[in-house]
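What follows is a short report on a single structure.
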Amino acid sequence: LWDSSFTRPITQIVTLAFIIFPLTLVRKFDSLKFTSFIAVAFILVFAVVVLVYGFMAATGYEGSEIRKGSVNVWPDGVKVLTSIPIMTFAFLCHQNTFPIYREMQSPSPKRMGTVAHFSVGVCSFVYLYSGIFGYIITKDDTESDLFKNFDFSGSTINIVMDVVSVGFGLAIIFSYPVVVWEARRNIQHLVFGDAEFSFRRYVFLNASIVIVTGTIGVAAKQIETVLGIVGSTGSPMMIYALPPLLFLEARKFMNPAELQETSADARGAYALLIFGVVLIPLCVVLWALGLAGVL
């Protein structure tokens, strides 16, 4: 029933209208901490399940439901290059830096750096072991959608993953308003400047963002298509290009002593900028080739 051409878009539209859109109307960013906590909890449950079943498969635990096949340490061919855009997207969270910084107690660049390093470290760890153990379970049958890898009909793992997949979906739903928050704020500032708050304008901006992104989400048949194009353009721009550009621009206002202290950082910024400039067209080409089935 879920895979039918009618039920899925209707479910998505109802979710957008009655769950996601009301959550985007919350006026205090701090209020989203409760739904964000639930989202993180669901994701952690998913990570733990993958870890447990993956460890069972890796150790040959009797009764563990795993697929037959060999483990290839290095992928064959160049198709693996199509994963670069998605891997780039996986670490894109820079747009949430500003609202988080504003909500911190005694905010400072040092404290924000600690939060950023800890967050990226946790994500890297979860991505790494989820990918490794998820692959160990399914081996040659591994699919890009990790949940499809746990389709063991009539097995315990299939029942568990059905429950976990619902929780993971709720995590995505509860994460959406956090992403919308800064996007709405930036659009409002660019279009309306420092105009006084207007509830009508507030609702209009939220509705516009939800409608546009929701239309893309309903129309896209494969999430890899959307993640690929975002990971090919916006992600490397925000991760590798804009930060060094902002840093180099800030150096124009530094005194000679500060310029001397940051000379090594400036060289690193130029290197990162060049990497980003090269990576963007490369990722676009890889995404297009993967979409066309060439890779």
Problem - Single-linkage hydrophobic cluster I132~L51, side-chain heavy atoms < 4.5 angstrom - result: yes

Fill in the blank from the handout: To the nearest 0.5 Å, atom CD1 of I216 lies from atom CD1 of I229 at 11.0 Å

Exercise for the section: Verify the cluster assignment for L242 and V230: are they in a single hydrophobic cluster under the rule of side-chain heavy atoms below 4.5 Å apart? Expected result: yes

Practice task
Side-chain contact test, heavy atoms from C-beta onward, threshold under 4.5 Å: evaluate it for T15 versus T11 and give yes or no.
Solution key: yes

Handout entry: ILVMFWY cluster, V226 and I239 together (side-chain gap under 4.5 Å)
Key = yes

Practice task
State, to 0.1 Å, how close L273 and A241 come at their nearest heavy-atom pair, and which atoms those are.
Solution key: CD1-O, 3.7 Å

Exercise for the section: Answer whether the closest heavy-atom distance between the side chains of V50 and F46 falls below 4.5 Å. Expected result: yes

Problem - Pairs flagged by ring pair (Phe, Tyr, Trp, His ring centres under 6.0 Å) wherever residues 84-118 is involved - sequence neighbours left out - result: F91-Y127

Problem - Student check: side-chain heavy atoms of V115 and T97 closer than 4.5 Å - result: no

Problem - Side-chain donor-acceptor pair present, T262, R251, cut-off under 3.5 Å - result: yes

Exercise for the section: Would you check if the side chain of Q260 reaches a backbone N or O of A257 as a donor-acceptor pair within less than 3.5 Å? Expected result: no

Exercise for the section: Using atom types as modelled and distance alone, determine if a side-chain donor or acceptor of T114 lies under 3.5 Å from a backbone N or O of K110. Expected result: yes

Exercise for the section: Answer yes if I172 and I43 sit in the same cluster of Ile, Leu, Val, Met, Phe, Trp and Tyr residues linked by side chain heavy atoms under 4.5 Å apart, and no otherwise. Expected result: yes

Practice task
Answer yes or no: are there more than 12 heavy-atom neighbours, outside M237 itself, under 6.0 Å from its atom CE?
Solution key: no

Exercise for the section: Among residues two or more places apart or on two chains, list those pairs meeting ring pair (Phe, Tyr, Trp, His ring centres under 6.0 Å) that have a residue in residues 179-217. Expected result: F29-W181, F197-Y202

Exercise for the section: With the side chain counted from C-beta on, respond yes when T24 and V210 share a heavy-atom pair under 4.5 Å apart, and no when they do not. Expected result: yes

Exercise for the section: Determine the minimum heavy-atom distance between P9 and V218, stating which atoms define it. Expected result: CB-CG1, 3.8 Å

Completion exercise
Applied to residues 223-257, the ring pair (Phe, Tyr, Trp, His ring centres under 6.0 Å) test, sequence neighbours excluded, yields Y240-F275

Problem - Side chain W287, main chain T233, donor-acceptor under 3.5 Å - result: no

Practice task
Evaluate the side-chain proximity of S36 to V178: yes if any heavy-atom separation is below 4.5 Å, no if none is.
Solution key: yes

Practice task
Establish whether I187 and L25 are linked, either directly or via other cluster members, by ILVMFWY side-chain heavy-atom contacts under 4.5 Å.
Solution key: yes

Exercise for the section: Kindly compute the distance separating OG (S119) from CD1 (I100), expressed to the nearest 0.5 Å. Expected result: 7.0 Å

Practice task
Output the distance between atom NZ (K252) and atom CE (M254), rounded to the nearest 0.5 Å.
Solution key: 12.5 Å

Exercise for the section: Find the distance between CD1 (I13) and CZ (R8) and round it off to the nearest 0.5 Å. Expected result: 12.0 Å

Practice task
Nearest 0.5 Å please: distance from the CD1 atom of I280 over to the OG atom of S232.
Solution key: 9.5 Å

Completion exercise
So CG of N206 and CZ of R201: to nearest 0.5 Å the spacing works out to 12.0 Å

Handout entry: Pairwise side-chain contact, F174 with L32, heavy-atom cut-off 4.5 Å (strictly under)
Key = no

Exercise for the section: Assess whether atom CZ of R102 is packed by more than 12 heavy atoms of other residues, nucleotides or ligands within 6.0 Å. Expected result: yes

